[in-house]
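Quick notes on the structure that follows.
Numbers restart at 1 for each chain; the letters A, B, ... are given by sequence-line order, proteins then strands.
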There are 2 protein chains.
Amino acid sequence: MTRRPSIRDVAREAGVSITTVSRALNDVEGSRLPDDTRRRVRETAERLGYAPNKMARGLRTQRSHMLGMISDHIATTPHAGRLILGAQEVAMTRGWALMLINTGGDPAAEARGIQALHQQQVDGVLYATMYHRIVEVPSALRALPLVLADARTEGDGPPAVVPDEVQGGYDATRELLEHGHRHVGLALNSDDVPATHGRLRGYRQALEEAGIAYDPELVVQEESESTGGYLACRRLLERTPRPTAIFCYNDRMAMGAYRAAAEIGLRIPADVSVVGFDNQEYIADGLYPGLTTLQLPHYEMGAWAVNRLMELIDDPARNAGDVPARTLPCPLIRRSSVAAPPA
Amino acid sequence: MTRRPSIRDVAREAGVSITTVSRALNDVEGSRLPDDTRRRVRETAERLGYAPNKMARGLRTQRSHMLGMISDHIATTPHAGRLILGAQEVAMTRGWALMLINTGGDPAAEARGIQALHQQQVDGVLYATMYHRIVEVPSALRALPLVLADARTEGDGPPAVVPDEVQGGYDATRELLEHGHRHVGLALNSDDVPATHGRLRGYRQALEEAGIAYDPELVVQEESESTGGYLACRRLLERTPRPTAIFCYNDRMAMGAYRAAAEIGLRIPADVSVVGFDNQEYIADGLYPGLTTLQLPHYEMGAWAVNRLMELIDDPARNAGDVPARTLPCPLIRRSSVAAPPA
DNA sequence: TTGTAGGCGTTATCAC
DNA sequence: GTGATAACGCCTACAA
């Protein structure tokens with residue numbers, strides 16, 4: 001377990017100066033050194049297993065090649081882990097490292113985390129939330145290149161990327177309408193978050209386009225868990241005329257819809273069709289029959305955010321203006337919970 | 001957005017040398033400087049918002065204060081995210097940063113990741129897997145302080161921490177036996193992993209202690225998903241005499257058990273009791289009635305691993321010998337799926 | 001008790 | 001084309 005080779009070792013071994021090694025390895029512009037020198041240096045570097053020390057390089061270049069990712073509960077919540085993944089994979093392919101800070105939603109922890117990011121000299125920060133939220137950016141962050149993921153500020157702000165909730169709600173409803181349904185219930189959550197309003201808007205938009213009058217009685221709000229879904233759907237399915245399809249705010253609520261339908265003696269999808277939202281692993285595909293739902297673009301948001309962040313770091317001038325949030329589409333995942341309405 | 005203050009700025013402002021600043025801030029042993037000097041330095045540091053540059057410090061001390069965490073799919077899988085969380089929280093409270101590498105199970109990505117960790121000069125590495133596995137440690141890692149989490153080597157090896165599968169299987173079965181069940185089925189998965197053998201062993205151990213003969217007919221193996229659980233439990237529940245309780249390998253299989261019971265017209269827990277494993281969010285608590293299950297100690301494994309890793313880094317001599325894996329208990333989470341057997 | 005100076009491994013600015 | 005050499009910000013042996 002000996003010391004890692006340094007640039008000096010490579011220089012000595014290749015019979016050149018450290019300057020030459022640095023140039024050969026970094027393809028420095030405007031310094032044309034002979035091909036065979038460059039090749040020789042590269043070979044010895046390879047042979048010695050040399051890789052530049054990022055701390056030293058960073059000290060010199062004032063660039064750590066590290067990105068900070070600060071989030072509330074993201075590491076705990078299932079599908080949001082894919083956001084980390086998307087960020088991490090893009091960062092790594094481009095030679096950057098990702099440093100993770102999980103605040104658990106605690107402002108003190110957040111302050112400590114930001115301090116830690118500063119100390120590590122991260123070149124930029126990703127600020128992510130566990131679900132689509134409107135946030136205020138901690139002022140301590142605004143000094144650094146910053147991108148929000150699954151979160152955005154009120155109005156324009158730093159670059160941000162969020163799911164297209166409206167399109168999601170629209171496509172979910174559309175899928176039901178295209179199967180011939182005319183009475184489509186909506187089991188909605190009761191929080192005041194962008195997803196609530198967005199998905200409802202998409203639902204209404206799809207109805208309107210199909211020439212179906214919006215009926216507020218067909219929209220029932222409950223908490224966004226399995227039990228809430230059960231409650232909402234019980235109520236919806238006991239109405240006359242009974243809705244032949246229900247769009248659920250998320251897959252957990254859809255899980256409750258399955259229970260409600262079973263209790264009433266309705267089969268899915270023969271008697272009632274269901275569409276969820278989130279494509280939540282082990283639920284959407286674990287339910288029987290498999291749940292048709294919409295996928296949140298977490299991986300894509302993570303990837304987009306890192307790419308955007310690296311643009312910002314390369315050219316901070318772009319950072320100047322506030323911009324509107326970018327939305328990414330939620331693709332429809334078809335399984336077996338949607339069919340034509342009963343005759 | 002001006003340059004961050006350096007140690008020199010603090011020294012100048014406080015009217016001392018940089019040496020004094022360094023000593024005052026780092027509480028260097030054996031250099032007793034007057035309390036008021038120390039205080040003055042601390043105050044100016046505070047006022048200026050000074051925090052040492054970790055790259056510079058690391059370059060000098062050959063210590064990056066960064067831990068690498070390399071894993072296969074851990075960022076994607078739901079409950080395993082808690083392992084990251086446990087690691088991250090402990091690391092951060094002790095002033096260390098966590099650098100995340102997700103290989104997706106691809107050996108090439110793993111090699112690139114290890115290379116990246118080396119370049120960032122991480123002081124130690126956590127090697128984690130998405131579920132309890134027996135692994136071979138990549139030789140490129142053995143040069144660094146290393147701890148395995150939710151993974152271990154065949155036989156003794158570097159420090160490793162895994163869940164106590166046997167205790168889990170034992171406690172699950174025990175919970176059923178204590179409610180008076182004598183015919184306890186086991187819906188087991190069919191993979192050759194430590195959890196399979198461990199949980200089965202715990203099951204048998206509990207039966208034996210209770211003086212109940214082990215009946216291989218009561219153990220049915222299927223794939224460890226919802227469908228597999230359904231299949232296994234259909235078969236178990238159609239036997240005569242019918243088992244009055246089923247221990248399922250995991251919560252997804254338990255989800256299938258619920259469906260099987262419903263189809264046959266059996267109520268949980270009145271007619272049949274069910275215990276799962278994993279305490280998987282949104283499933284264990286989303287099912288109706290709530291599923292009694294065992295919690296995997298992911299958070300604790302992450303925390304334990306980081307603590308152990310920091311011991312190793314502080315005193316590499318301890319790294320010398322190979323040791324057996326440490327196990328952490330899986331606590332029982334009681335909900336509503338267990339009752340006394342029908343009369 | 002306090003300060004000066006050297007060096008950690010790089011990159012970049014100069015001479016040659 | 002190539003190579004000394006001066007930073008980058010910090011810690012620490014050594015000198016004062």
Side-chain angles (χ1 to χ4, degrees), chain A residues 2-42 44-45 48-66 95 97 118-123, chain B residues 2-42 44-45 48-66 95 116 118-123:
Chain A
T2 171
R3 191 178 109 281
R4 293 186 53 207
S6 89
I7 196 172
R8 248 174 271 278
D9 299 318
V10 180
R12 185 169 354 91
E13 198 76 9
V16 293
S17 77
I18 59 170
T19 310
T20 306
V21 174
S22 176
R23 281 181 185 144
L25 262 32
N26 294 339
D27 276 326
V28 178
E29 313 264 339
S31 78
R32 291 235 48 81
L33 36 92
D35 274 355
D36 67 329
T37 307
R38 180 196 311 276
R39 194 156 27 77
R40 185 155 42 91
V41 170
R42 291 229 156 126
T44 43
L48 265 44
Y50 168 76
N53 179 324
K54 288 221 178 183
M55 287 196 297
R57 167 181 285 173
L59 185 58
R60 176 62 229 239
T61 58
Q62 301 294 29
R63 187 130 290 184
S64 64
H65 276 249
M66 284 213 313
H118 272 122
Q119 284 194 39
Q120 295 283 358
Q121 315 286 118
V122 298
D123 298 326
Chain B
T2 170
R3 192 177 108 285
R4 294 185 51 207
S6 88
I7 195 172
R8 248 174 272 276
D9 299 317
V10 180
R12 185 172 352 92
E13 197 77 9
V16 296
S17 79
I18 59 170
T19 311
T20 306
V21 175
S22 174
R23 282 180 184 146
L25 263 31
N26 293 341
D27 275 326
V28 178
E29 313 265 339
S31 76
R32 290 235 49 81
L33 35 94
D35 273 355
D36 67 330
T37 308
R38 182 197 309 278
R39 194 155 26 76
R40 185 156 40 91
V41 171
R42 290 231 157 126
T44 43
L48 265 45
Y50 169 76
N53 179 321
K54 289 222 177 182
M55 286 196 298
R57 169 183 279 175
L59 186 58
R60 172 64 229 240
T61 60
Q62 300 293 29
R63 187 131 289 184
S64 64
H65 276 248
M66 285 214 312
H118 272 121
Q119 284 193 37
Q120 295 284 358
Q121 313 288 117
V122 299
D123 297 328

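- The separation between B:Arg60 atom CZ and C:dT10 atom P is 17 Å, rounded to whole Å.
- Taking every nucleotide of DNA chain D with any atom under 4.0 Å from a non-hydrogen atom of chain A, the first and last of them, 5' to 3', are D:dG1 to D:dG9.
- Counting only heavy atoms from C-beta outward, the side chains of B:Met66 and A:Met66 approach each other to under 4.5 Å.
- Between A:Asp35 and A:Arg42 there is no salt bridge, since no side-chain N of the basic residue sits under 4.0 Å from a carboxylate O of the acidic one.
- Atom pair B:Leu33:CG and C:dG3:P shows a separation of 10 Å (rounding to whole Å applied).
- Across the protein-nucleic acid pair, A:Asp27 atom CG and C:dA12 atom C1' stand 16 Å apart, rounded to whole Å.
- When the nearest nucleotides of DNA chain C are assigned to A:Tyr50 and B:Ile18 by heavy-atom distance, the more 5′-ward of the two goes with B:Ile18.
- What separates CE of B:Met55 from P of C:dG7 is a distance of 22 Å, to the nearest Å.
- Following rounding to the nearest Å, A:Arg23 (CZ) and C:dT11 (C1') show an atom-to-atom distance of 10 Å.
- Of the charged side-chain nitrogens involved, at least one lies within less than 4.0 Å of a carboxylate oxygen, so that A:Asp9 and A:Arg12 count as a salt-bridged pair.
- No side-chain heavy atom of B:Gln120 sits less than 4.5 Å from a side-chain heavy atom of B:Ser64.
- In this structure, the side chain of B:Arg4 does not engage the main chain of A:Gln121 through any donor-acceptor pair within 3.5 Å.
- Contact of the B:Asn53 side chain with the B:Ser6 side chain is not registered, since no non-hydrogen atoms from C-beta on lie closer than 4.5 Å.
- Relative to the side chain of B:Pro34, the nucleotides C:dC14, C:dG3, C:dT1 differ in distance, and C:dT1 lies closest.
- If you take CG of A:Asn53 and C1' of C:dC8, they are 9 Å apart, rounded to a whole angstrom.
- Taking 4.0 angstrom as the limit, B:Gln62 places a side-chain polar atom (N or O) nearer than this to OP1 or OP2 of C:dG9.
- One interatomic measurement links the two molecules: CZ of A:Arg8 to P of C:dC8, which rounds to 7 Å at whole-angstrom precision.
- Residue A:Thr61 places no side-chain N or O under 4.0 Å from the OP1 or OP2 atom of C:dT11.
- B:Val28 comes within 4.0 angstrom of nothing in the nucleic acid, heavy atoms only.
- Under the side chain to side chain contact (heavy atoms under 4.5 Å, CB included) test applied with A:Leu33, the options A:Thr20, A:Thr19, A:Val16 reduce to a single match, A:Thr20.
- Taking only side-chain nitrogens and oxygens, A:Arg57 comes nearer than 4.0 Å to OP1 or OP2 of C:dT11.
- Closest-nucleotide positions on DNA chain C for B:Ala56 and B:Thr37 were compared, and the one nearer the 5' end corresponds to B:Thr37.
- Residue-level contact check: A:Thr19 touches the bases, meaning some heavy atom is under 4.0 Å from a base atom.
- What separates CG of B:Asn26 from P of C:dT2 is a distance of 16 Å, to the nearest Å.
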